[in-house]
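Reckoned from all heavy atoms, side chains included, excluding hydrogens, waters and symmetry mates.
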Amino acid sequence: STFILRSSDSSDAITDWYQDKLQNLGFSTKTFVKTKQNGNVRNILVVAKEKTNIAVEIKKNARDTITTIEIRSTST
């Protein structure tokens with residue numbers, strides 16, 4: 001399943017919220033990358049729990065006021 005959300009909150013606040021929420025739900029972090037270059041943000045968080053993997057990608061272009069959050073969930 002894939003969900004795409006948008007928010008006017010800062011990319012850092014969104015990233016922190018997802019990281020904390022998924023950790024509190026018992027997911028283990030597999031990959032966590034924060035990238036910010038020339039005002040462009042791309043943060044990727046990949047977590048796993050039992051047979052479920054969740055990838056959260058948080059993107060914001062320097063010229064945009066809205067942050068895009070893409071959440072992909074897969075079962076193995």
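In this structure, OH in Y18 is found 3.5 Å from CD1 in I71, a value given to the nearest 0.5 Å. With rounding to the nearest 0.5 Å, the separation of CD1 in I58 from OG1 in T35 is 11.5 Å. Here the CD1 atom belonging to I66 is positioned 9.0 Å from the CZ atom belonging to R6, to the nearest 0.5 angstrom. With values rounded to the nearest 0.5 angstrom, K60 atom NZ is found 11.5 Å from N43 atom CG. With rounding to the nearest 0.5 Å, the separation of CD1 in I69 from CD1 in I14 is 4.0 Å.
V46 shares a hydrophobic cluster with I44; the chain of contacts runs through ILVMFWY side chains whose heavy atoms sit under 4.5 Å apart.
Both I54 and F32 are assigned to one and the same hydrophobic cluster, defined by single-linkage of ILVMFWY side chains at heavy-atom distances under 4.5 Å. If you chain together hydrophobic residues whose side chains sit under 4.5 Å apart, V56 and I4 never meet in one group.
Every residue meeting the side chain to side chain contact (heavy atoms under 4.5 Å, CB included) condition with T76, not counting sequence neighbours, appears here in chain and number order: K51, N53. Applying the side-chain hydrogen bond (donor to acceptor under 3.5 Å, both in side chains) rule to Q23 yields no partners; only residues at least two apart in sequence or on another chain are considered. A search for salt bridge (charged side-chain N to carboxylate O under 4.0 Å, His left out) contacts involving K49 returns nothing, not counting sequence neighbours.
Within the structure, salt bridge (Lys or Arg N to Asp or Glu O under 4.0 Å) contacts touching residues 16-38 (residues at least two apart or in different chains) are D12-K34. Here side-chain hydrogen bond (donor to acceptor under 3.5 Å, both in side chains) pairs that include residues 62-75, with residues two or more places apart or in two chains, are N61-D64, E70-R72.
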